Each structure stands twice: as structure tokens, then as C-alpha cells.
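Below is one structure, written out as C-alpha cells, with a few remarks after it.
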Protein chains: 2
Amino acid sequence: MEVKIMSDEQQKLARYAKALGHPVRVYVMQLLGQQSCCYSGDLSEELPIAKSTLSQHLKELKDAGLIQGEIEAPRIKYCVNKENWSEAQELFKTFFRI
Amino acid sequence: MEVKIMSDEQQKLARYAKALGHPVRVYVMQLLGQQSCCYSGDLSEELPIAKSTLSQHLKELKDAGLIQGEIEAPRIKYCVNKENWSEAQELFKTFFRI
DNA sequence: AAAATTGTTCGTATTTTTGCGAACAACGAA
DNA sequence: TTCGTTGTTCGCAAAAATACGAACAATTTT
């Protein structure tokens, strides 16, 4: 896309949508919606994927801005990034005009 | 995911999100939201991508169930797949609890 | 029938995503 | 300080996504 046709909103929406484009990542966000925070280990026990794979999915969500990690040694506490979550919420709300 | 942990809802949401995970596809859906139908040619004029690339994106949206094509020779009229759009709407609404 | 229009499909190349296990780093506990 | 716990990063491999132009198919127009 050398010439920019897409609006920033569309770019952002696509970015968030992409981050939510995998069942594991939807699962994580849904869990965080219920309890607002969780540890990678908790997820690792529930999900039938390798630790390293989970770590990558969490990184994806982090890179997309949907979650943030906080060191709580020796673990890492993952929480929803509320600011960006709200943004995503608004974007999807508008997109689906709901 | 040989052992199914994810719910159908989560799988579906991820599927729709994935389909929306590209700016061009967001653009198309947003246009269809405004005018409900459009032709590939219209899009091709506005978007700085090759016809074949656009065709692939439309196929993605079709495969995800978000749009449907109707032959109106020599063109193809693309419309929102209302049933699935509603489903996606509901899924995202619930997901974002909005 | 020949030519033009519309859009898909094919072939190809590049990049990104997904996934795993092994190795590593950081930290608390023994 | 050594050992366990926790989670990331590395190295690799396979699959999927992105993108293009050329070729093709279907239909309408000339």
C-alpha cells in the first residue's frame, strides 16, 4: 500500500482484528475479560500447546497492544491494556454500528 | 489443537477476526456497510492493488462467510452476507461486552 | 463471429504465521 | 551458592498469507 487509501481507523481495526484472529488469543482475551489478569502458567496448564507457542501468542497480543505484562517474580502477570482495549471496543462498535 | 479446548464461539470469533485482519478487507466491509452492495471493478479503481489481489481478498471474505457474490453479467455483485454478519456482530458484541 | 469487458485462476515469489523443543535468563528458595 | 521455577528467546520447519502478472473463462457488445 504505497499510496495510503486506508484510514487510520481501518488500519487500527485490521490490526486488532488480526491479533484476535487465532482461537488461542481469543481465549486469552476472553479469560482476561473475566478476571482482568492472569499468569502464563495458568494458561499453559489449560491450553494444549507448548509453553513457547503460548509465549508467542502472548507476545502477539502485547505487540498489538491488547495486553501488558507486569513482572511479579518469578512470574509475569498479564493484564488487559485498558486504554487500547477501549479503543478496540470503540472501533469494533463503530464498525458493526452497534 | 487436537484436543478441543476452545468453544465454537471462540473459533468462530477468531475466524471472523482473521477475515477482518487486513486493511483492504476492512475497507471492503465498511463500504458494504454503507451501500450494502458493490462491484469488484468499483473497488479495483479505488484500491492501489492488482485485480488478482483484490479478487483474493474478496475470496477470503467470501470463505469467511462475510460476503456473497451474485452474478450480474458481465460483473459480479458483492453483498454482505446478512446472516453471518449478524452472527459476527453478536459475537463481537458479546466479546467486547457492548 | 470477433472484440471488449469483467473478474477468476494459475504460477510464482516473498513474507508472515504457527508450532515445537532446546537453550537460556531471571529470580526466589534451599 | 546451587537448585528449582517461570517464562522468553533461539533455531528450525512447515504452512498460510500477501502480492503480482499472465492466462483463462464467461458474457456482452460490436
Side-chain angles (χ1 to χ4, degrees), chain A residues 1-6 10-11 13-29 31-32 37-79, chain B residues 1-6 10-11 13-29 31-32 37-79:
Chain A
M1 221 74 38
E2 63 276 345
V3 180
K4 189 173 162 189
I5 296 292
M6 308 301 156
Q10 284 164 338
Q11 299 273 3
L13 183 61
R15 184 73 188 84
Y16 286 130
K18 192 174 181 179
L20 296 173
H22 191 287
V24 165
R25 298 198 292 266
V26 168
Y27 180 91
V28 171
M29 292 312 298
L31 190 77
L32 288 180
C37 285
C38 74
Y39 299 95
S40 179
D42 305 347
L43 297 168
S44 198
E45 281 173 34
E46 303 170 52
L47 299 174
I49 56 174
K51 272 192 313 168
S52 55
T53 303
L54 174 60
S55 194
Q56 269 186 82
H57 283 303
L58 292 172
K59 182 166 161 26
E60 288 268 324
L61 289 172
K62 206 162 42 175
D63 289 349
L66 289 173
I67 64 172
Q68 57 202 162
E70 193 186 325
I71 295 170
E72 204 173 85
R75 300 183 294 174
I76 294 180
K77 188 169 74 171
Y78 282 105
C79 305
Chain B
M1 220 75 38
E2 62 276 344
V3 180
K4 189 172 159 185
I5 296 293
M6 308 301 157
Q10 284 164 338
Q11 300 272 3
L13 184 60
R15 184 72 189 85
Y16 286 130
K18 193 174 181 181
L20 295 173
H22 191 287
V24 165
R25 298 195 294 264
V26 169
Y27 179 91
V28 172
M29 292 313 296
L31 190 77
L32 288 181
C37 285
C38 74
Y39 299 95
S40 179
D42 305 346
L43 297 167
S44 198
E45 281 172 35
E46 303 171 51
L47 298 172
I49 57 174
K51 274 192 313 170
S52 54
T53 304
L54 174 60
S55 193
Q56 267 184 85
H57 283 301
L58 292 173
K59 182 167 160 29
E60 287 269 323
L61 289 171
K62 206 163 43 176
D63 289 350
L66 289 174
I67 63 172
Q68 55 201 164
E70 191 187 326
I71 296 170
E72 204 172 84
R75 300 183 296 176
I76 295 178
K77 188 169 75 173
Y78 281 105
C79 304

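In this text the structure is predicted, and so the values were computed from the model without any measurement. Naming convention: chains lettered A, B, ... in sequence-line order (proteins, then strands); numbering from 1 in each chain.
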[X], nearest nucleotide to its side chain (from [options]):
{"X": "B:Y78", "options": "C:dT8, D:dT28, C:dC20", "answer": "C:dT8"}
{"X": "B:K51", "options": "C:dT8, D:dG7, D:dA19", "answer": "C:dT8"}
{"X": "A:Y39", "options": "C:dG19, D:dG7, D:dG21", "answer": "D:dG7"}
{"X": "A:S55", "options": "C:dT9, D:dA19, D:dT8", "answer": "D:dT8"}
{"X": "B:I76", "options": "C:dG7, D:dT9, D:dG7", "answer": "C:dG7"}
{"X": "A:A50", "options": "C:dT9, C:dG19, C:dC20", "answer": "C:dC20"}
{"X": "B:P74", "options": "C:dT6, D:dG21, C:dG7", "answer": "C:dT6"}

Does A:S52 get its side chain close enough to the base of C:dG21, under 3.5 Å, for a donor-acceptor pair? yes
Classify the side chain of B:E60 and the base of D:dA17 as holding, or not holding, a donor-acceptor pair under 3.5 Å. no
Checking side-chain contact (heavy atoms from CB on, under 4.5 Å) against A:V24, which of A:L47, A:T53, A:L43 comes through?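 So, applying the side-chain contact (heavy atoms from CB on, under 4.5 Å) to A:V24 and each of A:L47, A:T53, A:L43, only A:L47 qualifies.
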Test A:I67 against every option in A:R25, A:M29, A:E60 by the side-chain contact (heavy atoms from CB on, under 4.5 Å) rule and name the one that passes.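 So the option named by the test is A:M29.
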Within the structure shown, what part of the strands sits under 4.0 Å from A:S40 by heavy-atom distance: base, sugar-phosphate, or nothing? sugar-phosphate
Within the structure shown, what part of the strands sits under 4.0 Å from A:K18 by heavy-atom distance: base, sugar-phosphate, or nothing?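 Counting heavy atoms under 4.0 Å across all strands, the contact made by A:K18 is with sugar-phosphate only.
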On DNA chain C, compare the nucleotides closest to A:T53 and B:L54; which residue's is nearer the 5' end?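 Per heavy-atom nearest nucleotide, the more 5' residue is B:L54.
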